[in-house]
Amino acid sequence: MLDIRLIRSNPDLVKEAMAKRGAEVPVDELLDLDAQRRSLLTELEQKKAQRNSVSEKIGHLRKAKENADHLIAEMKELSEEIKEGDNQLRELEQKIRDILLIIPNIPHSSVPVGKDDSENVEVRRWGEAREFPFEPKPHWDLGVDLGIIDFERAGKVTGARFAFMKGLGARLERAVVNFMLDLHINEHGYLEILPPYMANGDSMTGTGQLPKFAEDMFKLEGEDYYLIPTAEVPVTNYYKGEILDGSQLPIYMVGFSPCFRAEAGSAGRDTRGLVRMHQFHKVELVKFVHPDNSYDELEKLTANAEEVLRRLELPYRVVTLCTGDTGFSSAKTYDIEVWMPSYDRFVEISSCSNFEAFQARRAEIRFRPEPGAKPEYVHTLNGSGVAVGRTVAAILENYQEADGSVTIPEVLRPYMGGVEKIAPGK
RNA sequence: GGAGGGGUGUCGGAGUGGACGAUCGUGGCGGUCUUGAAAACCGCUGAGGCGCAAGCCUCCGUGGGUUCGAAUCCCACCCCCUCCGCCA
């Protein structure tokens with residue numbers, strides 16, 4: 001959510017930013033509603049001040065056993081007006097909030113202007129894509145042939161875009177999770193969080209999934225509970241409505257959770273394999289930081305996510321998303337893309353964003369810079385550290401051998417009980 | 001799921017229709033005293049909105065309602081605690 005005061009004082013800046021994103025936003029309507037709200041508020045406050053002082057007077061008269069009927073009659077009328085005004089005000093505020101909640105964040109000045117993902121800018125590359133002396137298999141064939149992934153039975157038991165992981169496949173997934181968590185906890189200084197896997201509508205609004213992206217989520221019937229699309233939701237909302245002590249910042253948290261996504265509108269895309277599932281695991285990095293250094297924190301967070309791929313020795317690149325491709329709540333996003341041989345291109349495996357005060361304002365997460373000072377909004381950041389299913393897919397594909405086996409990356413072997421290879425027929 | 005109790009400021013805990021944005025204690029900050037510290041004493045100490053300011057308005061779990069006036073009365077919902085049931 002943007003600060004209404006910014007929109008009021010600098011509407012052109014906001015319009016320009018929205019144009020860069022390709023977003024249609026009714027700024028003028030908003031300003032008109034805001035002006036109405038402000039004049040109504042002034043009028044109402046005057047009336048309330050009068051009501052308060054006269055009501056007090058009535059109290060005094062009553063105590064003194066004097067007659068106050070004429071004042072009461074007068075106040076009855078004023079009260080009616082106030083009630084009506086309050087209703088109008090509530091309506092206006094609702095309309096204003098409804099609009100504010102669908103306005104995306106303003107892109108940071110360093111974000112390249114562009115219309116879609118074709119205009120994202122590569123900032124660095126790491127590792128070399130392996131040359132295969134044989135035709136590499138896609139991970140879904142490898143997984144099925146090795147007997148470690150079963151898509152077909154998942155289709156029977158649940159439906160499309162689900163999978164069973166079996167045997168060493170399940171173990172590999174678990175190893176990847178533990179490796180990532182240990183790295184971020186022990187070496188990068190994050191606090192481990194195991195969050196709830198459902199969150200209420202208010203939390204979903206806080207991080208920006210609602211109201212615009214309801215169709216992307218699974219909702220429990222008859223409840224205000226949604227399956228989380230990412231641990232970002234529960235972990236960021238952990239401090240919802242709170243005022244933190246400035247000395248606590250920065251706060252680093254790493255949450256592991258399954259993620260549930262309806263994938264509405266992606267019918268026909270990535271229908272095979274582990275890349276686009278209704279349920280997948282993700283290790284998510286979340287930061288609450290001082291506004292002055294949130295961009296340094298974004299660089300560090302991205303580096304923390306990259307470290308996962310370096311240790312797994314998976315080739316990747318980092319791109320800065322352009323204005324048209326940057327997510328709704330984000331001011332700046334780096335995507336990390338891993339090399340996927342079957343796609344013959346890089347595939348997104350992490351998305352690292354600085355939301356500045358956008359989420360903090362929605363979720364009311366503030367900090368007090370100094371004892372006694374006024375609270376300010378924190379800046380929130382998050383990034384996948386990284387997506388587990390896609391990591392497993394990338395390992396299978398990049399580490400496959402001509403005989404259909406898959407070598408386990410060195411760093412994962414301790415987590416696999418020393419297993420070095422997953423071979424067919426085992 | 002059933003029965004009962006409860007949600008008030010950092011925390012504890014008063015307050016059952018008007019002088020209560022809220023007694024008191026506690027914690028925090030500042031000061032007096034002291035060689036220093038502790039103790040004692042004095043003062044300050046929630047959030048938000050509008051305003052240059054003075055000041056005004058709103059907020060006692062949330063949302064409605066009654067009333068000239070609501071922390072206080074009524075209704076609904078949420079959360080917490082205790083007991084029972086059921087489970088992992």
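The analysis underlying the following values was restricted to heavy atoms, covering all of them including side chains, and did not include hydrogens, waters or symmetry mates. Sequence lines set the chain letters: A, B, ... in the order given, protein chains first and strands last, and positions in each chain run from 1.
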- Identify which one of M165(A), E397(A), H281(A) satisfies the side chain to side chain contact (heavy atoms under 4.5 Å, CB included) criterion when paired with V392(A).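 Going through M165(A), E397(A), H281(A) one by one, the side chain to side chain contact (heavy atoms under 4.5 Å, CB included) with V392(A) is satisfied by M165(A) alone.
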
Nearest to the side chain of [X], which nucleotide is it out of [options]?
X	options	result
N52(A)	G64(B), G69(B), C57(B)	C57(B)
H60(A)	C68(B), G49(B), A19(B)	A19(B)
A49(A)	U58(B), C68(B), C56(B)	C56(B)
K83(A)	C56(B), A19(B), U66(B)	U66(B)
R366(A)	G69(B), A47(B), C57(B)	A47(B)

Considering only the [atom1] atoms, how many Å lie between [N] and [M], rounded to the nearest integer?
N	M	atom1	answer
C74(B)	G25(B)	P	32 Å
G17(B)	A70(B)	P	14 Å
U34(B)	A47(B)	P	35 Å
A22(B)	U72(B)	C1'	12 Å
C20(B)	C75(B)	C1'	25 Å
C68(B)	C81(B)	C1'	39 Å
G15(B)	G6(B)	P	12 Å
C73(B)	U16(B)	P	9 Å

For [X] and [N], is the shortest distance between a side-chain N/O and OP1 or OP2 below 4.0 Å?
X	N	value
K76(A)	C68(B)	yes
R62(A)	G69(B)	no
R37(A)	G49(B)	no
K57(A)	C68(B)	no

- Spacing of CG belonging to L100(A) relative to CG belonging to L33(A), to within rounding of 0.5 Å: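 Answer for the CG-CG pair, L100(A) versus L33(A), is 10.0 Å.
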
Return the nucleotide paired to [N]: Watson-Crick means purine N1 to pyrimidine N3 with N6-O4 or O6-N4, wobble means G-U with N1-O2 and O6-N3, both under 3.5 Å.
N	answer
G17(B)	none
C73(B)	G65(B)
U32(B)	A40(B)
G27(B)	U45(B)
A3(B)	U82(B)

Would you mind reading off the distance between [X] atom [atom1] and [N] atom [atom2], rounded to a whole angstrom?
X	N	atom1	atom2	answer
D245(A)	G46(B)	CG	P	16 Å
Y225(A)	C77(B)	OH	C1'	12 Å
R368(A)	G46(B)	CZ	P	9 Å
D86(A)	G64(B)	CG	C1'	13 Å
Y377(A)	G48(B)	OH	P	8 Å

- Relative to the 5' end of RNA chain B, which residue comes earlier, R8(A) or G59(A), by the nucleotide with the nearest heavy atom?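 Final value for this comparison: G59(A).
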
- Query: More 5' along RNA chain B: I72(A) or S53(A), using each one's nearest nucleotide?
  - Reply: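 Residue closer to the 5' terminus by nearest nucleotide: S53(A).
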
- Message: If you count every heavy atom of other residues, nucleotides or ligands that lies below 6.0 Å from E187(A) atom CD, does the total exceed 12?
- Response: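 Yes.
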
- Quick check: are there more than 12 heavy atoms from other residues, nucleotides or ligands sitting under 6.0 Å from NZ of K15(A)?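 More than 12 within 6.0 Å, yes.
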
- Angle class for the H188(A)/H184(A) ring planes (parallel below 30°, perpendicular above 60°, tilted otherwise)?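 Plane angle between 30° and 60°, so tilted.
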
- Query: Taking the inter-plane angle between the rings of F328(A) and F213(A) on a 0 to 90° scale, is it parallel (under 30°), tilted (30 to 60°) or perpendicular (over 60°)?
  - Reply: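 F328(A) vs F213(A) ring planes: perpendicular.
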
- Query: Does the side chain of P409(A) reach to within under 4.5 Å of the side chain of Y399(A), using non-hydrogen atoms?
  - Reply: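 P409(A) vs Y399(A): side chains touch.
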
- Message: With a 3.5 Å cut-off and heavy atoms only, can you find an N or O donor on one side and an acceptor on the other between the side chain of E45(A) and the base of G49(B)?
- Response: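 When only heavy-atom distances are counted, E45(A) does reach the base of G49(B) through a donor-acceptor pair under 3.5 Å.
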
